[in-house]
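Encoded as structure tokens, the structure appears first; notes follow it.
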2 protein chains.
Amino acid sequence: MVSTRRIGVASSETRAQLVEAAAELVRNEGWAAVTARRLTEKLGLKRQIVHYYFRTIEDLLIAVIRRDGENLRARIMQGMESDEPLRVIWEMSRRAPKSAILEFTALAAHRKAVQIEVKRYMEEIRRFQTQALTRHLERRGIKPAVPPAVMLIGIMSISQTLAVEAMLDVSEGHSEMVAFVEEMLRALAREAKVPALGAKPERKRPKVR
Amino acid sequence: MVSTRRIGVASSETRAQLVEAAAELVRNEGWAAVTARRLTEKLGLKRQIVHYYFRTIEDLLIAVIRRDGENLRARIMQGMESDEPLRVIWEMSRRAPKSAILEFTALAAHRKAVQIEVKRYMEEIRRFQTQALTRHLERRGIKPAVPPAVMLIGIMSISQTLAVEAMLDVSEGHSEMVAFVEEMLRALAREAKVPALGAKPERKRPKVR
DNA sequence: GTCTATAATCAGATAGAC
DNA sequence: GTCTATCTGATTATAGAC
């Protein structure tokens, strides 16, 4: 028995709205809040439309991961152009309190299809960051004591941990940790030899969105 | 209209079995898999018994957090007696692939009662660890370049990140990071002045369960 | 493309019998 | 302490009308 079920095209405007609404629900209430009913009552549609555009709810969640993943990658690629790429990473994770990353990571532990998508974006971003940081250090003539990957994973781990703990209202040791990282970032910036004229002692901190 | 609903005592054996079964479900399939049906079919009971022991399913999840929290605290308090408490922390987080911490942390972002419980245990453990590490450093005559809280949060952040990424099958940069941390731990151990006779150059690594 | 209609489960929760 | 019975509402998903 072959199913007669139709599936809407990926370019649909309604489909995009569903993904957008789902992304918002994940951020505010978690992946478990993403149901056909909750989604469509935000858009003023009947709930069966969800099953027209997505074979399963999991397919919809994966569309959200792709959307968020593309956005994150774009923001990071832009951020790595900065004068202090490590500081950008440091500040980007810290300012993502209502992030969907925690949601999807937890979900990935139990759903294979989700794990594959999350892995894909994490690897892509990690690889890009490592290359960008390596290039940055070479260009500035900085010879760090530790490999770029260590700086990267270190900064990212710590900033994400601080963000998650802040969400939980746990802050013991945070001020010391922040002071330490900030000092490290400053020390690294001081090491940078100015590439061209050699007469710009203070550099402005890059903006992070 | 006053409810006539009864609630079973906390000392009940069946209640303990329900909490145990729920803890297992959380570890293997996530908090969303904890339903009265799934629980009782493991125990050969009718599903209404769950509502006899727990007012709501959330109450049951909180009982699981307390159980896991007590266990974790006990293991950590024991581990901090070690010769190398930082190494114990490092290895404990790394070997917890199917941890419930990720589940409960994600859930805490959206459920106040869960957030309060998770916060409680995290703060308690953090405080104990900080004190234990501070004492340890003083006793060994180690004067570290950074505050104990920074070492603690740093090691914990990195080990948890590596564990989560390993679960996702992401491993880029892990070997460099592991090598770096291991070297740091070795350097710290070397700094330790032997307290009494001063003739034990190599120390065995502590076992972690 | 969106709707109505419907199937088939599953969920949490409560009352009351034994 | 555990059961039967029941309420009430949720869920994903499919088929077919318009």
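Chain identifiers are assigned alphabetically (A, B, ...) following the order of the sequence lines, protein sequences preceding nucleic acid strands; residue numbering begins at 1 within each chain.
- Salt-bridge check for B/Arg37 with B/Glu41: failed, with every basic side-chain N at 4.0 Å or more from each acidic carboxylate O.
- To the nearest angstrom, C1' of D/dA13 lies 15 Å from CZ of A/Phe54.
- Annotation: of the two residues near DNA chain C, B/Thr35 and A/Val9, the 5′-most nearest-nucleotide partner is A/Val9.
- Ionic pairing of B/Arg186 and B/Glu183 is present here: one or more N-O contacts between side-chain nitrogen and carboxylate oxygen are shorter than 4.0 angstrom.
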So which protein nitrogen or oxygen atoms get under 3.5 Å of nucleotides 5-9 of chain D's nitrogens or oxygens?
{"from": "D/dA5", "atom 1": "N6", "to": "B/Gln48", "atom 2": "NE2", "distance (Å)": "2.7"}

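- Contact check, A/Thr14 against C/dG1: no side-chain N or O comes under 4.0 Å of OP1 or OP2.
- By the 4.0 Å N-to-carboxylate-O rule, B/Glu117 lies close enough to B/Arg120 to be salt-bridged with it.
- The residue from B/Val34, B/Thr14, B/Thr40, B/Thr35 that alone fulfils the side chain to side chain contact (heavy atoms under 4.5 Å, CB included) condition with B/Val50 is B/Thr40.
- Checked by atom type and distance alone, the side chain of B/Glu176 never pairs as donor or acceptor with a backbone atom of A/Ala149 at under 3.5 Å.
- Atom CG in A/Leu39 sits roughly 15 Å away from atom C1' in D/dA13 (whole-Å rounding).
- One cannot find a donor-acceptor pair under 3.5 Å joining the base of D/dT12 and the side-chain atoms of A/Arg37.
- As rounded to whole Å, 6 Å separates atom P of D/dT2 from atom CG of B/Leu45.
- Heavy-atom distances under 4.0 Å link DNA chain C to B/Val34 of residues 18-34 of chain B, given in residue order.
- Look at B/Glu70 and B/Arg66 and you find no salt bridge, because none of the NZ, NE, NH1 or NH2 atoms lies under 4.0 Å from a carboxylate O.
- Here the C1' atom of nucleotide C/dG12 and the CZ atom of B/Arg38 are 16 Å apart, to the nearest Å.
- Residue A/Arg55 is in sugar-phosphate contact alone, with no base atom involved, counting any heavy-atom pair closer than 4.0 Å across all strands shown.
- Here A/Ser12 lies out of heavy-atom contact (under 4.0 Å) with every strand.
- Checking C/dG1, D/dT2, D/dT4 against the side-chain heavy atoms of A/Tyr53 singles out C/dG1 as nearest.
- Between A/Glu41 atom CD and C/dT2 atom P the separation is 18 Å, expressed in whole Å.
- Base contact: A/Ile49 has a heavy atom under 4.0 Å from a base atom.
- Regarding A/Lys46, its NZ atom lies at a distance of 15 Å from the C1' atom of C/dG1, rounded to whole Å.
- In this structure, B/Asp83 pairs ionically with B/Arg140, as a charged nitrogen and a carboxylate oxygen lie closer than 4.0 Å.
- Residues B/Lys42 and B/Glu24 are paired through a salt bridge, judged by an N-O separation under 4.0 Å between the basic side chain and the carboxylate.
- Note on B/Thr56: every side-chain N or O is 4.0 Å or more away from OP1 and OP2 of C/dG12.
- A salt bridge does not link B/Glu165 to A/Lys119: none of the charged nitrogens lies less than 4.0 Å from a carboxylate oxygen.
- For B/Ile7 and C/dG16, the CD1 to C1' distance is 15 Å, given to the nearest whole Å.
- A/Tyr52 has a side-chain polar atom (N or O) that falls below the 4.0 Å cut-off from OP1 or OP2 of C/dG1.
- Remark: B/Arg111 pairs with B/Glu58 by the side chain to side chain donor-acceptor pair (under 3.5 Å) rule, at least two apart or across chains.
- For A/His51 and D/dT12, the NE2 to P distance is 6 Å, given to the nearest whole Å.
- For A/Thr4, taking side-chain heavy atoms from C-beta onward, the closest of the listed nucleotides C/dA15, D/dA15, C/dG1 is D/dA15.
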